[in-house]
Amino acid sequence: SQQGEEDPQALSIQEGENATMNCSYKTSINNLQWYRQNSGRGLVHLILIRSNEREKHSGRLRVTLDTSKKSSSLLITASRAADTASYFCASMEYGNKLVFGAGTILRVKS
Amino acid sequence: NAGVTQTPKFRVLKTGQSMTLLCAQDMNHEYMYWYRQDPGMGLRLIHYSVGEGTTAKGEVPDGYNVSRLKKQNFLLGLESAAPSQTSVYFCASSYQGGAGNEQFFGPGTRLTVL
């Protein structure tokens with residue numbers, strides 16, 4: 001399998017706390033993307049970070065990328081119950097294909 | 001805009017039956033993709049298309065065929081369904097492949113093969 005790995009597999013936190021999810025990938029990439037999937041729904045794009053960027057912010061989301069370690073992290077600050085979902089990283093290899101990780105299940109308790 | 005739509009939403013097949021899943025997008029996207037999602041494994045690419053009339057194999061193409069006769073539609077066919085093809089199937093599209101292009105996903109088709 002070419003899939004990357006995500007850590008942790010599941011995360012349960014209280015509303016207002018920060019949530020951090022990590023992702024590792026295997027090959028050289030053009031960019032790395034994070035997606036959210038609510039239960040029983042399709043994936044929704046959250047944020048994209050290019051291979052020449054180290055950090056990117058979007059609202060309560062902060063993504064970092066370390067190409068030397070082939071890893072990325074997604075931080076959600078001040079979490080809300082509505083953030084409960086599965087989160088997937090996807091590495092864009094050269095050649096237009098996204099390779100998805102297995103995902104992190106986040107549960108935010110109110 | 002409806003975005004990406006998939007038909008049907010649910011289907012139960014018997015082993016050996018055939019079916020076609022339809023994906024449609026109204027965003028004038030060039031690229032379209034079919035993925036399958038299995039528990040604990042994320043999404044795996046089955047086939048994709050970089051434009052009308054073109055298709056290419058992804059990571060797990062065996063047992064599936066696709067066609068892209070119209071730019072807005074991407075069909076996924078199962079000629080002889082097997083229980084191993086029980087999964088949730090997602091279609092996605094993007095304006096282009098490569099850098100800076102997010103993929104837009106449909107709501108999924110849940111397929112059970114008995």
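The sequence lines fix the lettering, A, B, ..., with proteins before strands; numbering per chain opens at 1.
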Any side-chain donor paired with an acceptor under 3.5 Å for A:Gln33 and B:Gln103? no
The reported gap from CD1 in A:Ile47 to CD in B:Glu102 (rounded to nearest 0.5 angstrom) is 11.5 Å
How many angstroms lie between atom NE2 of A:His45 and atom OG of B:Ser94, to the nearest 0.5 angstrom? 10.5 Å
Check each atom of B:Phe104 against the heavy atoms of chain A and say whether the ones under 4.5 Å are side chain, backbone, both or neither. neither
Group every Ile, Leu, Val, Met, Phe, Trp and Tyr by side-chain heavy-atom contacts under 4.5 Å, then state whether B:Met32 and B:Leu78 land in the same group. yes
Does [X] have more than 12 heavy atoms from other residues, nucleotides or ligands lying within 6.0 Å of its [atom1]?
X	atom1	value
A:Glu17	CD	yes
A:Glu53	CD	yes
A:Lys109	NZ	yes
A:Arg41	CZ	no
A:Leu11	CG	yes
A:Arg107	CZ	no

Determine the minimum heavy-atom distance between [X] and [Y], stating which atoms define it.
X	Y	result
A:Leu48	B:Asn101	CD1-N, 4.1 Å
A:Leu43	B:Phe105	O-CB, 3.4 Å
A:Phe88	B:Gln37	CZ-NE2, 3.4 Å

Taking the side chain as C-beta and beyond, is there a heavy-atom pair between A:Leu98 and B:Tyr33 under 4.5 Å? no
Check against side chain to side chain contact (heavy atoms under 4.5 Å, CB included), B:Arg44 and A:Phe100: CA-CA 7 Å; B:Arg44 291 182 291 169; A:Phe100 285 84; over 6 Å; no
Less than 4.5 Å to any heavy atom of chain B: does that hold for the side chain of A:Gln37, its backbone, both, or neither? side chain
